[in-house]
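Fair warning: this is a prediction, and the values are worked out from it, not measured in the lab.
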Amino acid sequence: ARPLNADEAAEMTKFFGKEICATVRTASVYEIPNPPFRDLLIGRGLSVEDFRGLSGLTLGTCILLSESRPHPFPLALLFHECVHVVQYAMLGLDEFIKSYVNGWVANEFDYYRIPHEVMAYDLERRYAQNPDQAFDVRRCVQTNINSLL
């Protein structure tokens with residue numbers, strides 16, 4: 001994984017600050033792999049997102065970017081994934097995973113209804129609508145942190 005390049009860091013720092021941006025690493029992969037438990041859930045009759053269709057996935061401070069599913073607006077994807085970096089930073093690894101999975105289960109395994117994703121997509125839309133209008137993502141996440149729990 002590599003740190004953000006100069007252009008990415010300059011853009012993301014306006015929204016996330018230098019501290020968060022300094023921790024972010026990105027890695028290109030051909031496609032995002034499915035977790036090993038996906039087949040078990042499908043075998044139990046659950047409809048579970050195919051991770052191979054994702055453009056990006058954040059694991060702590062490392063963002064996996066899919067080469068097979070390039071995003072039409074790469075900075076918006078990076079922005080979205082950096083929201084998850086902030087969520088991880090504020091919740092800690094264990095609480096992030098617990099609340100993410102609980103949100104996934106509570107919303108019938110609908111990826112787009114997971115509270116972490118709802119927040120990330122809402123903030124991504126705000127960014128994409130006006131990327132020149134900086135705002136403090138950390139403050140937005142902190143203000144709405146209870147929606148993730």
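Leu57 and Leu93 fall within the same hydrophobic cluster, defined by Ile, Leu, Val, Met, Phe, Trp and Tyr side-chain heavy atoms under 4.5 Å apart, directly or through other members. Val101 and Phe109 fall within the same hydrophobic cluster, defined by Ile, Leu, Val, Met, Phe, Trp and Tyr side-chain heavy atoms under 4.5 Å apart, directly or through other members. Hydrophobic clustering, with ILVMFWY side chains joined whenever heavy atoms are under 4.5 angstrom apart, groups Met90 together with Val24. Residues Leu77 and Val118 do not share a hydrophobic cluster, defined by chaining ILVMFWY side chains whose heavy atoms lie under 4.5 Å apart.
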For Met12 and Leu78, what are the C-alpha separation, side-chain angles and deciding distance, and is it a side chain to side chain contact (heavy atoms under 4.5 Å, CB included)?
CA-CA 8 Å; Met12 294 300 119; Leu78 181 60; 3.8 Å; yes
Would you sort out whether Val48 and Phe37 count as a side chain to side chain contact (heavy atoms under 4.5 Å, CB included), showing the intermediate values?
CA-CA 10 Å; Val48 182; Phe37 58 82; 5.7 Å; no
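The two atoms that bring Cys62 and Ala1 nearest to each other are SG-CB, 4.0 Å, heavy atoms only. Looking at every heavy atom in both residues, Phe16 comes nearest to Val86 through CD2-CG2, 3.6 Å. Closest approach of Cys140 to Phe135, counting heavy atoms only: SG-CD1, 4.0 Å. The minimum heavy-atom distance between Asn144 and Met119, with the atom names listed, is O-CE, 3.5 Å. The minimum heavy-atom distance between Ile20 and Ala89, with the atom names listed, is CD1-CB, 4.2 Å.
Rounding to the nearest 0.5 Å places CG of Leu54 at 11.0 Å from CZ of Arg52. Atoms OH and CG, on Tyr88 and Leu59 in that order, are 5.0 Å from each other to the nearest 0.5 Å. Going from atom CG of Asn102 over to atom CD1 of Ile97 covers 11.5 Å, rounded to the nearest 0.5 Å. To the nearest 0.5 Å, atom CD1 of residue Ile42 and atom OG of residue Ser47 are 7.5 Å apart. Residue Trp104 holds its CH2 atom at 9.0 Å from CD of Glu49, rounded to the nearest 0.5 Å.
A donor-acceptor pair is defined here as one N or O able to donate and one able to accept, closer than 3.5 Å; no such pair exists between the side chain of Thr13 and the backbone of Ala10. Here the side chain of Glu8 pairs a donor or acceptor atom with the backbone of Asn5 at under 3.5 angstrom. Using a distance-only test at 3.5 Å, with no hydrogens or angles considered, a donor-acceptor pair links the side chain of Ser55 to the main chain of Arg69.
When side chains are defined from C-beta on, His116 counts as touching Leu91, because their heavy atoms get closer than 4.5 Å. With a 4.5 Å cut-off on side-chain heavy atoms, Cys21 and Val85 do not count as touching. Contact of the Leu149 side chain with the Glu95 side chain is registered, since non-hydrogen atoms from C-beta on lie closer than 4.5 Å. In this structure, Ile63 and Cys82 have side chains that are in contact, with non-hydrogen atoms separated by less than 4.5 Å. In this structure, His71 and Glu81 have side chains that are not in contact, with every pair of non-hydrogen atoms separated by 4.5 Å or more.
Counting only residues at least two apart or on different chains, the salt bridge (charged side-chain N to carboxylate O under 4.0 Å, His left out) pairs with a member in residues 133-149 are Asp136-Arg138.
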Report, one line per pair, each donor and acceptor closer than 3.5 Å where one atom sits in a side chain of residues 29-36; sequence neighbours left out.
{"from": "Asn34", "atom 1": "OD1", "to": "Phe51", "atom 2": "N", "distance (Å)": "2.7"}
{"from": "Asn34", "atom 1": "ND2", "to": "Asp50", "atom 2": "OD1", "distance (Å)": "3.0"}

Result block: side-chain N/O donor-acceptor pairs under 3.5 angstrom for residues 120-130, not counting sequence neighbours:
{"from": "Tyr121", "atom 1": "OH", "to": "Tyr111", "atom 2": "OH", "distance (Å)": "3.2"}
{"from": "Asp122", "atom 1": "OD1", "to": "Arg125", "atom 2": "NH2", "distance (Å)": "2.4"}
{"from": "Glu124", "atom 1": "OE1", "to": "His80", "atom 2": "ND1", "distance (Å)": "3.0"}
{"from": "Tyr127", "atom 1": "OH", "to": "Glu11", "atom 2": "OE2", "distance (Å)": "2.8"}
{"from": "Asn130", "atom 1": "OD1", "to": "Asp132", "atom 2": "N", "distance (Å)": "3.4"}

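For Glu19, the CD atom is loosely surrounded, since the number of other residues' heavy atoms within 6.0 Å does not exceed 12.
Inspection of the Glu117 and Tyr100 side chains reveals an N or O donor paired with an N or O acceptor under 3.5 Å.
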